A.B. asks: 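Let me begin by handing over the structure; questions about it come next.
One-based numbering, in listed order, for ligands and for the atoms of each. Predicted model, so just to flag it, every value in this text is computed and none were measured.
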Amino acid sequence: MKTVSAVTDLRRERQTLSGTLGLVPTMGALHEGHLSLVRRAKAENDHVGVSIFVNPAQFNPNEDLSKYPHSLERDLQLLDNEGVHLVWTPTPDIVYPPGYQTYISVEEVARPLEGERRPGHFRGVATVVAKLFNAFTPHRAYFGQKDAQQVVVVKRMAADLNFPLEIVVCPTVREPDGLAMSSRNVYLNPQERQTAAVLYRALCAAKHAYDSGERRGDSLRAIMASAIAVEPLAQIDYVSAADPDTLAELQTVERGALLSLAVRIGNTRLIDNFLLTETPNSKLQTPNLRFGL
Ligand code: PAF
């Protein structure tokens with residue numbers, strides 16, 4: 001496995017990789033969710049590239065960038081064990097050198113939900129992902145369904161800017177109690193960690209109602225909200241039942257929906273979602289539980 005920082009080194013190493021390249025963009029602090037993307041990329045491509053970069057441009061001033069977990073040595077060992085070929089670990093100065101002033105702003109789909117609560121977040125995501133696509137020139141790029149709006153924004157950006165690659169979306173990997181794997185889960189103390197499974201329970205309750213025929217957006221949102229309200233440590237940021245493509249809130253679910261929510265547990269903000277398909281009582285792209293529930 002080659003690990004490089006400078007763009008020139010990345011380009012040189014990239015040129016030595018013939019055949020298809022799958023890219024897994026990450027911010028490090030790797031967990032099974034990331035590794036599932038790496039394994040999928042490995043299965044579908046001749047080579048796998050991974051970026052590890054905590055992107056300052058996607059954190060707004062109220063978010064503590066400096067506290068984001070780092071575990072570079074461990075991450076590199078995990079990637080080596082998975083048979084990754086090329087890892088890019090640039091510093092902020094390499095990605096955004098002095099004088100840098102070009103940003104990508106995806107419009108409508110970046111506005112609601114996370115976009116509303118985290119101003120500038122998707123501008124930072126779209127910009128760094130475009131730079132990663134240019135730097136690695138991958139044939140496929142792998143993202144987790146856990147960051148559902150990020151997937152919509154990245155797909156829009158890649159289509160609008162004619163990036164010649166396929167965006168592959170992989171199922172959310174969950175802990176045994178349903179909590180979606182996230183690098184931020186390490187911030188939770190034991191009591192908060194127990195509470196955190198409420199996000200999954202709320203989504204399951206709304207999916208159960210949907211499978212039983214509930215199609216009113218307000219009811220699905222209310223079901224999620226009341227499931228969370230029973231947990232004193234959990235504070236709702238938003239609950240949403242939105243169109244999966246436009247992310248506009250739905251009055252009535254007619255052709256599937258993205259159920260999503262953001263909840264604060266103590267000082268940690270967690271997000272999760274289920275994508276409901278249009279088929280009644282369908283088995284949805286939902287829990288990919290490693291240990292089954
Ligand atoms: O999902 C993430 O970890 C980040 O948003 C990404 C895609 C690596 C861009 O910094």
A.B. asks: Does the cation-pi check pass for Arg14 over Phe136, that is, NZ or CZ under 6.0 Å from the six-membered ring centre and within 45° of its axis?
C.D. replies: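 The answer is no; the distance or angle limit is not met.
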A.B. asks: Nearest to atom 3 (O) of ligand 1, what protein heavy atom do you find, and at what distance?
C.D. replies: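 Its nearest protein heavy-atom neighbour is Met27 CG, 3.6 Å.
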A.B. asks: State the atoms of ligand 1, each with its element, that fall below the 4.0 Å cut-off from a heavy-atom position in Val128.
C.D. replies: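 That gives atoms 9 (C), 10 (O) of ligand 1.
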A.B. asks: Does a donor on one side chain and an acceptor on the other come within less than 3.5 Å for Ser66 and Asp64?
C.D. replies: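 Side-chain D/A pair, Ser66 to Asp64: present.
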A.B. asks: Using a 4.0 Å heavy-atom cut-off, say whether Val154 meets ligand 1 through its side chain, its backbone, both or neither.
C.D. replies: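 None of Val154 does.
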A.B. asks: Could you tell me whether Arg39 and Glu44 make a salt bridge, using a distance below 4.0 angstrom between a side-chain N and a carboxylate O?
C.D. replies: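 Not counted as a salt bridge, because no side-chain N and carboxylate O are separated by less than 4.0 Å.
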A.B. asks: What atoms of ligand 1 come within less than 4.0 Å of a heavy atom belonging to Thr26?
C.D. replies: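 Counting atoms of ligand 1 from 1, those under 4.0 Å from Thr26 are 8 (C).
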A.B. asks: As an exercise, state the distance from CD of Glu175 to CD of Glu32, rounded to the nearest 0.5 Å.
C.D. replies: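 Reported to 0.5 Å precision, the distance equals 9.5 Å.
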A.B. asks: How close does the nearest protein non-hydrogen atom get to atom 10 (O) of ligand 1, and which residue and atom is it?
C.D. replies: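 The answer is Gln58 OE1, 2.6 Å.
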A.B. asks: Taking the basic N atoms (NZ, or NE/NH1/NH2) and the acidic carboxylate oxygens, is any pair closer than 4.0 Å for Asp272 and Lys146?
C.D. replies: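 Looking at Asp272 and Lys146, the cut-off is not met.
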A.B. asks: Under 6.0 Å from the ring centre and within 45 degrees of the ring axis: does the NZ or CZ of Arg123 meet both conditions for the six-membered ring of Tyr103?
C.D. replies: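 Because its charged atom sits under 6.0 Å from the ring centre and within 45° of the axis, Arg123 does stack over Tyr103.
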A.B. asks: Which of the atoms in ligand 1, numbered in the order shown and given with their element, are less than 4.0 Å from a heavy-atom of Pro25?
C.D. replies: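 Heavy-atom distances to Pro25 below 4.0 Å select 8 (C).
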A.B. asks: Can you tell me the protein heavy atom closest to atom 7 (C) of ligand 1 and the distance?
C.D. replies: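 Ranking protein heavy atoms by distance from atom 7 (C) of ligand 1, first comes Gln150 NE2, 3.5 Å.
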